[in-house]
Amino acid sequence: MAEAGVGSPIYRNNSAPPPPPTEFSAKEERSEGKLAEALRALGLKDVRIISSFGERMLYSRDQSEIPRFMKEIMFLSAPTVVVQPESERSVSALLKFASSHRIPVIPRGSGSSPFGGSAPVVGGMVLDVSVMDQVLAIDVHRLTARVRGGVRWADLDHELEKHGLTLNTCPSSKFSTVAGWMATGGMGLNSYSKGHLRESVHAISLVTADGLVRKMDRADPLFPAVFGSEGQLGVITEVTLSVRKKPEKSQPHLIMFSDFRSALSFAYALGNSDVRPAHIVYESPLKFSLVNRMLGGERYTPEHGIIVNIEGQDSEDRYQQFVKSAGLKDEKEYLARYMWNERFFPMKMRKYGPGMLGSEVVIPLKILPDSLQKAEDLCKELGLEPMFEVHFLSDGNGLLLCYYITDQGNTISFTLDAAKSMILTSMLIDNGARPYSIGIWNTAFTNAEEKAQLTRLREAKAKLDPGNVMNTGKYFFLSGRFGGVLGTAFSPGIMRPALKTMRVFSPLTMRLMRTGYKFAERRLRPKTRTELLKIADECAMCGACVSVCPAYLVVKDERVTARGKLLAVKAMARGQKITKEHADRIFLCMRCKACEQVCQSKLRLVDTYDELEKELEALYGKDEKEIENFIRYVESQPDFDKLIERGLVVGAPKHGMGGERDEV
């Protein structure tokens with residue numbers, strides 16, 4: 001349904017346009033496997049069952065970039081089947097079926113975790129809840145929202161804004177799902193003033209492995225165990241959470257310091273004052289240097305920065321008085337606003353590798369200065385240039401992120417850099433931190449989790465999933481292609497001492513690593529990257545593009561999205577064959593640029609699609625009639641109108657929607 005300012009549809013002649021199709025059925029690949037056949041026999045009408053190889057492979061990973069040879073050697077990462085249920089009733093039936101046949105179930109939201117939490121390790125059934133994305137109710141009087149587990153935080157915030165409301169807290173990956181963030185972290189933006197996510201959640205619906213729907217609230221003794229459970233207990237299908245009135249004033253501030261101890265001292269003093277900031281973030285000099293590089297000029301002095309977000313005039317007045325009394329001065333407002341807006345694009349800098357690795361831990365603020373110094377010293381020994389970011393939390397802790405640029409195109413170098421991230425994490429853990437999330441790659445640090453939470457989770461697991469169906473092979477004991485061998489190697493009792501030994505003997509460790517780097521440089525230098533592959537490697541694989549893609553909203557197939565297309569580019573670069581049906585999916589594109597609007601890496605995606613489609617058309621041809629019917633059908637859908645309303649559709653010149661690319 002075209003709208004003024006967006007342009008006319010693709011049909012351009014003097015006659016009246018034909019009515020849009022009432023339905024659209026894309027070409028389907030051949031179904032593979034007995035499990036898919038058995039699931040279809042259940043007769044669940046609102047479940048999409050994915051069994052073709054090309055689409056299943058999109059669910060073999062999350063945001064984490066793993067060296068291919070490691071993944072293939074260590075894990076059975078390809079799911080046997082993927083299911084997309086649209087109702088709680090169907091989730092229940094699927095889990096009951098899986099439990100009775102001992103099929104591992106991997107719950108998945110948007111796949112935006114960098115730790116492997118939603119990636120299979122022993123095959124099984126990926127249960128994609130992201131299509132359960134309805135906002136069920138908003139109570140403006142009680143200040144609550146009731147949503148399905150697959151709702152993205154950005155979509156919920158958009159609906160709240162219509163009522164003059166906003167979120168209490170949300171992750172930096174705002175296109176992750178509500179259930180996904182509950183299960184993996186719950187610490188993020190505004191956690192300083194609003195606390196952990198669990199403090200905002202009133203009730204949840206959890207479907208357990210036996211298919212039972214358990215309604216839980218804060219009075220339920222198992223309620224706290226769900227937060228950070230990483231899919232071990234069941235599938236979160238519904239959440240009721242607190243929201244708040246949108247503040248009349250929100251003002252970010254930026255103050256620079258010559259050293260990190262001075263910056264942290266200011267943040268501590270501010271936190272203990274009567275200013276009541278909404279959020280406090282520390283950024284290290286490298287972040288500002290890379291922002292300057294990205295902007296093409298020296299906008300920021302590359303020093304240690306504290307970003308403070310203030311809500312309300314009273315807090316703003318108190319902040320100004322506090323800064324004045326400390327003899328400090330804010331940076332210009334536009335510089336502060338730019339850095340505050342960048343909070344939703346933490347992976348943008350990976351383009352300079354292309355690739356980014358690092359460590360994420362929760363650390364007591366009282367040991368943060370010494371830990372930062374030790375981390376900086378260790379990074380220097382390991383030959384890394386670190387970028388530190390600290391989000392201050394309400395409970396006396398900080399969420400510490402230490403990132404560094406790497407080149408994921410050189411397998412050996414990338415693998416060695418990945419090992420360094422584990423060495424860095426082990427030092428921070430030994431110094432008193434704990435892992436933010438476990439997934440696959442932090443399995444060695446499970447014994448550093450809060451003992452109370454770990455005990456709660458073990459007890460809840462024994463009660464709710466005694467058959468160990470949910471997210472099998474992760475968290476408590478890592479499994480994979482070789483069963484318990486991998487789990488033993490990655491167990492805290494073996495891996496942590498090994499990492500500590502590598503750290504203690506870091507000069508020898510680095511000498512051996514340098515040998516590996518030299519070998520990789522001389523003998524395993526990556527092949528010249530095509531322009532397509534360069535773009536694909538710069539993609540953060542965060543999944544922000546998925547929920548705003550009008551093609552995906554119709555077919556529910558990630559191969560039509562930016563992430564899916566760029567993964568196809570990577571597969572083709574490895575020599576993997578793309579089927580004709582897969583190519584047909586890639587051709588289903590509106591050229592609406594919604595993906596570019598939300599892209600973390602700010603990639604020029606539409607140009608990339610043109611090049612990819614040229615390659616695929618040369619191999620398979622192109623069904624112009626199917627594409628035309630598809631575009632006309634999507635234009636008639638309410639979801640497309642909603643994207644236009646939100647300003648995400650900025651035009652589609654190839655298909656006559658009247659938009660042109662804006663040059664910045």
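Positions are given from 1 along the sequence.
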Donor + acceptor pair across side chains of R350, Q600 (<3.5 Å): no
Salt bridge (charged side-chain N to carboxylate O under 4.0 Å, His left out) partners of K577, counting only residues at least two apart: none
Thinking salt bridges, do D623 and K625 make one under a 4.0 Å N-O criterion? no
Any carboxylate oxygen within less than 4.0 angstrom of a Lys/Arg side-chain nitrogen, looking at K556 and E55? no
Can we say K622 and E615 salt-bridge, meaning some charged N sits less than 4.0 Å from an Asp/Glu carboxylate O? no
Could you give me the CA-CA distance, side-chain angles and deciding distance for S52 and E581, then say whether side chain to side chain donor-acceptor pair (under 3.5 Å) is met? CA-CA 10 Å; S52 61; E581 291 79 9; over 6 Å; no
With sequence neighbours left out, what residues match D133 under side chain to side chain donor-acceptor pair (under 3.5 Å)? none
Taking the basic N atoms (NZ, or NE/NH1/NH2) and the acidic carboxylate oxygens, is any pair closer than 4.0 Å for R563 and E558? yes
I'd like to check the salt bridge (charged side-chain N to carboxylate O under 4.0 Å, His left out) partners of K174; sequence neighbours left out, ordered by chain and number. D157
Are more than 12 heavy atoms, taken from residues, nucleotides or ligands other than E385, located less than 6.0 Å from that residue's CD atom? no
With sequence neighbours left out, the residues meeting salt bridge (charged side-chain N to carboxylate O under 4.0 Å, His left out) with E531 are K534
Partner residues of F97 under the ring pair (Phe, Tyr, Trp, His ring centres under 6.0 Å) criterion, sequence neighbours left out: H101
Partners meeting side-chain contact (heavy atoms from CB on, under 4.5 Å) with K351 (sequence neighbours left out): E538
What are the two closest non-hydrogen atoms of M513 and L416, and how far apart are they? O-CD1, 3.6 Å
For G231 and M470, work out which heavy atoms get closest and say how close. O-CB, 3.2 Å
List the atom of L478, the atom of T443, and the distance in Å for their closest heavy-atom pair. CB-CG2, 3.9 Å
Between S359 and T425, is any side-chain donor less than 3.5 angstrom from a side-chain acceptor? yes
Which residues pass the salt bridge (charged side-chain N to carboxylate O under 4.0 Å, His left out) test with R646, not counting sequence neighbours? D155
For Y404, all residues meeting side chain to side chain donor-acceptor pair (under 3.5 Å), sequence neighbours excluded: none
Between K34 and E37, is there a side-chain N and carboxylate O pair less than 4.0 Å apart? no
Salt-bridge present (K614, D610; N to O < 4.0 Å): no
Check whether the side chains of S87 and S90 place a donor and an acceptor atom closer than 3.5 Å, and report yes or no. yes
With K602 via side chain to side chain donor-acceptor pair (under 3.5 Å) - residues at least two apart: none
So, D537 and K570, do they make that salt bridge, N to O below 4.0 Å? yes
Please list, one pair per line, the donor and acceptor atoms closer than 3.5 Å that link side chains of residues 104-126 to other protein atoms, with sequence neighbours excluded.
from, atom 1, to, atom 2, distance (Å)
R108, NH1, R61, O, 2.9
S110, OG, S112, OG, 3.3
S113, OG, F115, N, 3.2

Go through the structure and list residues passing side chain to side chain donor-acceptor pair (under 3.5 Å) with S130, not counting sequence neighbours. D128
side-chain contact (heavy atoms from CB on, under 4.5 Å) partners for T237, two or more places apart: E88, V91, M132, S205, V207, V235
